[in-house]
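Below is one structure, written out as structure tokens; the observations come after it.
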Amino acid sequence: MTGEPILRLDGLVRDYVLPRRSLLRPAPRFRALHGVSLEVRAGESFGIVGESGCGKSTLARAVLALETPSAGTVEFMGEDLFALSASRLRGMRRHMQMVFQDPYGSLDPRHKVGRIVAEPLDMLEAGLGRRERRRRVAESLGRVRLNGSDADKYPHEFSGGQRQRIAIARALITHPRLIVADEPVSALDVSVQAQVLNLMSDLRRDQGLTYLFISHDLSVVRHVTDRVAVMYLGRIVEQGETAQVFAQPRHPYTRALLDAVPRPDPARFRHRHRVQGEAAATPSEPEGTAPAGGCPFAPRCPEATDRCRAEDPALEPRAGGRLAACHFA
């Protein structure tokens, strides 16, 4: 059951200053996020999809106030995160946690699992006694279907799927309301992926969690999210209910992403939507960038017209409560 919005992004912009190429010219800038706006409702699983370099992870860091946006606001539980004092922001952090992509790199191999899982408590609830701390660690491990005795082991004693469960236990220990999951199963075997995704779905149901689920794997997003936003070059180009977006995509980029998913259907392969080139990752790579004022997807879009190359479409409501940024959606 979903409720009122717990997370609101309004006009989020993030610029990075690149190394200066000439002393006579200003340092170039790369815009990773172009005015991203969205709402995530309490209790829902909201997906962010797109190819590498589209700004998904930058968005995740801004949501968690790990990076300050160049413009725009991030409002969590009714408060603008970047308008809070340092002490107030620290208090808000217990309500939002992150699960990282790599279960091998995100766990310190020098520490036992108990210390790793308790790290958020050490930062946010430093006054806890040793007995209560161990109880909270055992409780959190139990939620991800591990044993309390696992707290005395080291990460190398666990499989990849078990390590990701430990990472989820660490995220759960402060009883957060929002979990940002950045590619949480992409480093795991397919069979293990299913187990971790089912665990996350059960935790959402039992604990009332809200997920911001970031992935490039469309089959995973289809399985675990209620709504989805499709990102391209730092912009949201389509947004709506996951089932509707996957069944009838409005934006040509979304159609191309869905057609790229391997399926044993030769007829579908012949009629799939093809795009040209690759999206540019920096200003020094012009391929995939749009002419000034034009649609960012126009250089790669097989359906682009002169209007697309001259006029940037707004993200506007379409039939069925969908949002799409395309002149011909």
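Residue numbers count from 1 along this sequence. Predicted model only: the values in this text are computed from it and were never measured. What you see below is based on every heavy atom in this structure, not just the backbone, and it leaves out hydrogens, waters and symmetry mates.
- The line from CG of D312 to NE2 of H34 is 9.5 Å long, rounded to the nearest 0.5 Å.
- Looking at every heavy atom in both residues, E39 comes nearest to P5 through OE1-CG, 3.4 Å.
- For the residue pair A65 and L81, the shortest heavy atom distance occurs at CB-CD1, 4.3 Å.
- P155 approaches R163 most closely through the heavy-atom pair O-NE, 3.1 Å.
- A donor-acceptor pair under 3.5 Å is formed between the side chain of Q97 and the backbone N or O of R93.
- Between the K56 side chain and the V49 main chain, no donor and acceptor come within less than 3.5 Å of each other.
- Nearest heavy atoms, S37 versus Q239: O-OE1, 4.2 Å.
- Residues meeting the salt bridge (charged side-chain N to carboxylate O under 4.0 Å, His left out) test with R177, sequence neighbours left out: none.
- Taking D202 as the reference, R145, R205, D206 meet the side chain to side chain contact (heavy atoms under 4.5 Å, CB included) condition, with sequence neighbours excluded.
- Using a 4.5 Å heavy-atom cutoff, the side chains of L12 and V74 are in contact.
- With sequence neighbours excluded, no residue forms a salt bridge (charged side-chain N to carboxylate O under 4.0 Å, His left out) with D217.
- With sequence neighbours left out, T225 forms a side-chain hydrogen bond (donor to acceptor under 3.5 Å, both in side chains) with T242.
- Judged by distance alone, with hydrogens and angles left aside, the side-chain atoms of Q164 form a donor-acceptor pair with the main-chain N or O of P184 at under 3.5 Å.
- When the side chains of ILVMFWY residues are joined at heavy-atom separations under 4.5 Å, either directly or via intervening members, V13 and V36 end up in two distinct hydrophobic clusters.
- With hydrogens and angles ignored, the 3.5 Å screen pairs a side-chain donor or acceptor of E157 with a backbone N or O of Y154.
- Between the side chain of R143 and the backbone N or O of L141 there is no donor-acceptor pair closer than 3.5 Å.
- One N or O on the side chain of T174 and one on the backbone of R94 form a donor-acceptor pair closer than 3.5 Å.
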For this session: Output, in order, the C-alpha distance, side-chain angles, deciding distance and verdict of side chain to side chain donor-acceptor pair (under 3.5 Å) for D182 and S57.
Result: CA-CA 7 Å; D182 189 2; S57 294; 2.9 Å; yes
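- At a threshold of 4.5 Å between side-chain heavy atoms, the hydrophobic network of Ile, Leu, Val, Met, Phe, Trp and Tyr places L66 and Y211 in two separate groups.
- Between S201 and V224 there is a side-chain heavy-atom pair separated by less than 4.5 Å.
- Here the side chain of R170 pairs no donor or acceptor atom with the backbone of P120 at under 3.5 angstrom.
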For this session: Take V237 and F297 through the test side chain to side chain contact (heavy atoms under 4.5 Å, CB included) and record every step on the way to the result.
Result: CA-CA 9 Å; V237 296; F297 189 58; 6.0 Å; no
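- M231 has its side chain out of reach of E51: every pair of non-hydrogen atoms, C-beta onward, lies at least 4.5 Å apart.
- Distance check: E75 CD to L9 CG gives 10.0 Å after rounding to the nearest 0.5 Å.
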For this session: Would you check, one step at a time, whether the test side chain to side chain contact (heavy atoms under 4.5 Å, CB included) holds for L146 with V113?
Result: CA-CA 11 Å; L146 293 175; V113 167; over 6 Å; no
For this session: Please step through side chain to side chain contact (heavy atoms under 4.5 Å, CB included) for the pair D15 and F30, ending with a clear verdict.
Result: CA-CA 6 Å; D15 293 332; F30 169 53; over 6 Å; no
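- Contacts of T254 classified as side-chain hydrogen bond (donor to acceptor under 3.5 Å, both in side chains), with partners at least two apart in sequence or in another chain: E238.
- In this structure D150 satisfies the salt bridge (charged side-chain N to carboxylate O under 4.0 Å, His left out) test together with K153, sequence neighbours excluded.
- Under the side-chain hydrogen bond (donor to acceptor under 3.5 Å, both in side chains) criterion, R134 pairs with no residue at all, not counting sequence neighbours.
- To the nearest 0.5 angstrom, L33 atom CG is 10.5 Å from R235 atom CZ.
- One N or O on the side chain of H251 and one on the backbone of A325 form a donor-acceptor pair closer than 3.5 Å.
- The two residues R250 and R255 make their nearest non-hydrogen contact at O-NH1, 3.3 Å.
- Qualifying salt bridge (charged side-chain N to carboxylate O under 4.0 Å, His left out) partners for K112, counting only residues two or more places apart in sequence or in other chains: none.
- Summarising the geometry, atom CZ belonging to F76 is positioned 8.0 Å from atom OG1 belonging to T210; distances are rounded to the nearest 0.5 Å.
- Evaluation of the side chain to side chain contact (heavy atoms under 4.5 Å, CB included) rule for S186 yields Q101, E183, H216 as partners, not counting sequence neighbours.
- Listed by chain and residue number, S87, R88 satisfy the side chain to side chain contact (heavy atoms under 4.5 Å, CB included) test with S85 (two or more places apart in sequence, or in another chain).
- Between the D108 side chain and the R110 main chain, a donor and an acceptor come within less than 3.5 Å of each other.
- Remark: R14 qualifies as a cation-pi partner of Y16 under the 6.0 Å distance and 45° angle criteria applied to the six-membered ring.
- Panel note: side chain N147, backbone S149; no donor-acceptor pair is recorded below 3.5 Å.
- Applying the side-chain hydrogen bond (donor to acceptor under 3.5 Å, both in side chains) test to Q162 and every residue at least two apart in sequence or in another chain returns S159.
- The nearest pair of heavy atoms linking F213 to S45 is CB-OG, 4.3 Å.
- Residues D226 and R41 are not paired through a salt bridge, judged by the lack of any N-O separation under 4.0 Å between the basic side chain and the carboxylate.
- Note that CE of M96 is 9.0 Å distant from CG of L7, once rounded to the nearest 0.5 Å.
- Other residues sharing a hydrophobic cluster with L124 under the 4.5 Å side-chain heavy-atom criterion for ILVMFWY residues are M123.
- Rounding to the nearest 0.5 Å places CD of E311 at 12.0 Å from CG of D306.
- Linking Ile, Leu, Val, Met, Phe, Trp and Tyr residues whenever their side-chain heavy atoms come within less than 4.5 Å places I168 and V117 in a single cluster.
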Problem set entry | Derivation of the side chain to side chain contact (heavy atoms under 4.5 Å, CB included) call for V230 and L257 | CA-CA 9 Å; V230 182; L257 282 180; 3.8 Å; yes
For this session: Output, in order, the C-alpha distance, side-chain angles, deciding distance and verdict of salt bridge (charged side-chain N to carboxylate O under 4.0 Å, His left out) for E119 and R136.
Result: CA-CA 12 Å; E119 280 178 344; R136 293 274 293 273; over 6 Å; no
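- C301 is not listed as a side-chain neighbour of C295, based on a closest heavy-atom distance of 4.5 Å or more.
- Residues M200 and L209 share a hydrophobic cluster, clusters being chains of Ile/Leu/Val/Met/Phe/Trp/Tyr side chains in contact below 4.5 Å.
- The cluster map of Ile, Leu, Val, Met, Phe, Trp and Tyr, joined by side-chain heavy atoms under 4.5 Å apart, puts I6 and L172 in different clusters.
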